[in-house]
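Notes follow once the structure below has been shown.
Lettering follows sequence order; numbering is per chain, from 1. Heavy atoms only: backbone and side chains are in, while hydrogens, waters and symmetry mates are out.
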Amino acid sequence: MPELPEVETVRRDLERLVVGRTVVQARATGRRSVRRYGDGPAALAAFDADVEGTRFTGTGRLGKYLVLHGTRAEDVLSALIIHLRMSGQLIHARPSDPLVVHTHVRLTLDDGHELRFVDPRTFGEMWTNPAALPDLGHLGPDALELAAEPRRFTELLRSRRTMVKALLMDQGVVAGIGNIYSDEILHRARVRPDRRGVDLSRPAARRIADITGEVLHAAVDLRGSSLSDAQYVDLAGLPGRAAQLHLVYDREHLPCASCGRPVVRIRFGGRSSYFCRHCQR
DNA sequence: AAGCACACCTGCTAGC
DNA sequence: TGCTAGCAGGTGTGCT
């Protein structure tokens with residue numbers, strides 16, 4: 001579920017509530033959430049030992065990956081890397097707060113709070129990297145960073161044969177955009193999702209580059225998009241309000257905000273894509 | 001290169 | 001009312 005604006009909202013909450021705190025106890029109970037430590041029972045203890053004693057010193061984000069930088073007692077740098085995938089949530093809770101089902105990791109902090117990882121579908125994961133910088137080399141530039149260089153973004157889009165929606169969602173091309181925001185960006189840029197990058201006019205590619213920044217910043221300002229199932233919530237468990245900005249996503253048959261014709265949904269690479277046949281060319 | 005299909009999971013809902 | 005098929009914000013692999 002979470003794309004860049006949702007992950008960025010969680011990062012800002014972590015910066016405020018978790019940075020400066022030390023993990024006095026780590027308790028992983030969900031093996032799949034810490035699967036990089038192996039698939040046996042020892043994986044849970046290995047994760048716990050890795051994280052316990054870490055003092056969080058800062059936060060980072062690359063695309064949809066969250067990074068909690070930290071140091072251990074012996075001044076060893078480490079980074080806790082978290083990907084929420086489809087259904088993961090990080091929740092800042094009190095120990096007395098009831099444990100919801102699918103709580104897979106609990107980190108007890110030295111201020112008495114807990115940082116909990118909740119993930120029904122168990123696609124999400126967390127792991128530590130001994131280096132200060134996590135191994136996220138397969139990712140392209142972060143979408144907000146690339147949007148700040150619109151000429152570079154424009155030429156990148158026009159250099160590829162791939163259909164532009166797939167390009168925007170390719171984390172190796174630009175990191176942080178998923179199914180919701182790619183549809184919203186392409187609608188505002190008036191470009192069909194199945195148009196090929198090389199076939200984009202320079203003005204059309206430039207619109208995508210400029211609008212990417214606008215859409216993502218606006219969504220961050222409203223603390224991310226929570227849909228009807230409320231799977232995405234912030235660190236306090238509260239939904240974001242950015243879904244009120246959606247013009248096409250999950251709006252099949254509803255009128256296009258520009259022309260009034262119905263928004264259509266097509267299957268595209270195995271997932272739904274929403275757009276306006278009249279306004280997007 | 002690029003485009004599929006599929007795998008990984010649980011939960012919700014639309015339709016029968 | 002109750003079952004089931006289909007679908008969901010993501011990513012990785014492996015095959016044409």
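Position along DNA chain B of the nearest nucleotide to A/Gly270 versus A/Val101 favours A/Gly270 as the more 5'-ward residue.
Following rounding to the nearest Å, A/Phe123 (CZ) and C/dG10 (P) show an atom-to-atom distance of 12 Å. Here the C1' atom of nucleotide C/dC7 and the CZ atom of A/Arg271 are 11 Å apart, to the nearest Å. Taking atom CG of residue A/Leu66 and atom C1' of nucleotide C/dT11, one finds them 16 Å apart after rounding to whole Å. Protein atom CD1 of A/Ile81 is 16 Å distant from nucleotide atom C1' of C/dT11, rounded to whole Å. Across the protein-nucleic acid pair, A/Ile180 atom CD1 and C/dA8 atom C1' stand 10 Å apart, rounded to whole Å. Across the protein-nucleic acid pair, A/Met86 atom CE and C/dC7 atom P stand 13 Å apart, rounded to whole Å. For the pair A/Glu125 CD and C/dT11 C1', the interatomic distance rounds to 10 Å; values are reported in whole Å. Atom CZ in A/Arg121 sits roughly 12 Å away from atom C1' in C/dG6 (whole-Å rounding).
A donor-acceptor contact closer than 3.5 angstrom is absent between the side chains of A/Thr9 and A/Arg223. Looking only at atom types and distance, the side chain of A/Tyr37 has no donor-acceptor partner in the side chain of A/Glu125 under 3.5 Å away. Donor-acceptor pairing under 3.5 Å is lacking for the side chains of A/Thr22 and A/Arg55. Counting only N and O atoms by type, the side chains of A/Tyr249 and A/Ser272 include no donor and acceptor under 3.5 Å apart.
In this model, the phosphate group of C/dC7 is not approached by any side-chain N or O of A/Arg265 to a distance below 4.0 Å at OP1 or OP2. Listed pair A/His83 / C/dG10 fails the phosphate criterion, with no side-chain N or O lying under 4.0 Å from OP1 or OP2.
Across all strands shown, A/Tyr181 has no heavy atoms under 4.0 Å from either base or sugar-phosphate atoms. If you check every strand for non-hydrogen atoms under 4.0 Å, A/Phe268 touches nothing. Here A/Arg35 lies out of heavy-atom contact (under 4.0 Å) with every strand.
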Between side-chain atoms of residues 100-109 of chain A and protein atoms elsewhere (two or more places apart, or another chain), which donor-acceptor pairs fall under 3.5 Å?
unit_1, atom_1, unit_2, atom_2, d
A/Thr103, OG1, A/Val100, O, 2.7
A/His104, NE2, A/His102, O, 3.4
A/His104, NE2, A/Asp119, O, 2.8
A/Arg106, NE, A/Glu114, OE1, 3.2
A/Arg106, NH2, A/Glu114, OE1, 3.4
A/Arg106, NH2, A/Glu114, OE2, 3.1

Can you give me every donor-acceptor pair (side chain of residues 166-173 of chain A, partner residue at least two apart or in another chain, under 3.5 Å) with its distance?
unit_1, atom_1, unit_2, atom_2, d
A/Asp170, OD1, A/Gly172, N, 2.9
A/Gln171, OE1, A/Gly176, N, 2.9
A/Gln171, NE2, A/Met169, O, 3.0
A/Gln171, NE2, A/Ile177, O, 3.0

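When all heavy atoms of A/Ser159 and A/Val198 are compared, the pair lying nearest together is C-CG1, 4.1 Å.
The side-chain hydrogen bond (donor to acceptor under 3.5 Å, both in side chains) pairs that include a residue from residues 253-262 of chain A are A/Arg261-A/His278, where partners are two or more places apart or lie in different chains.
In this structure, the nucleotide among C/dA8, C/dT11, C/dG10 sitting nearest to the side chain of A/Met169 is C/dG10.
Atom P of C/dC7 sits at a distance of 13 Å from the matching atom of B/dA5, rounded to the whole Å. Nucleotides C/dA8 and B/dC4, compared at atom P, are 16 Å apart to the nearest Å. Between C/dG6 and B/dC6, the two C1' atoms lie 16 Å apart (nearest whole Å).
Bounding nucleotides for the chain A contact on DNA chain B, 5' to 3', at a heavy-atom distance below 4.0 Å, are B/dA2 to B/dG11.
Hydrophobic cluster of A/Leu245: the remaining members, joined at side-chain heavy-atom separations below 4.5 Å, are A/Leu222, listed by chain and number.
In DNA chain C, stems built from 3 or more consecutive Watson-Crick or G-U wobble pairs, each with both distances under 3.5 Å, span B:2-8 with C:10-16, B:10-16 with C:2-8.
Aromatic pair A/His83/A/Tyr65: centroids less than 6.0 angstrom apart.
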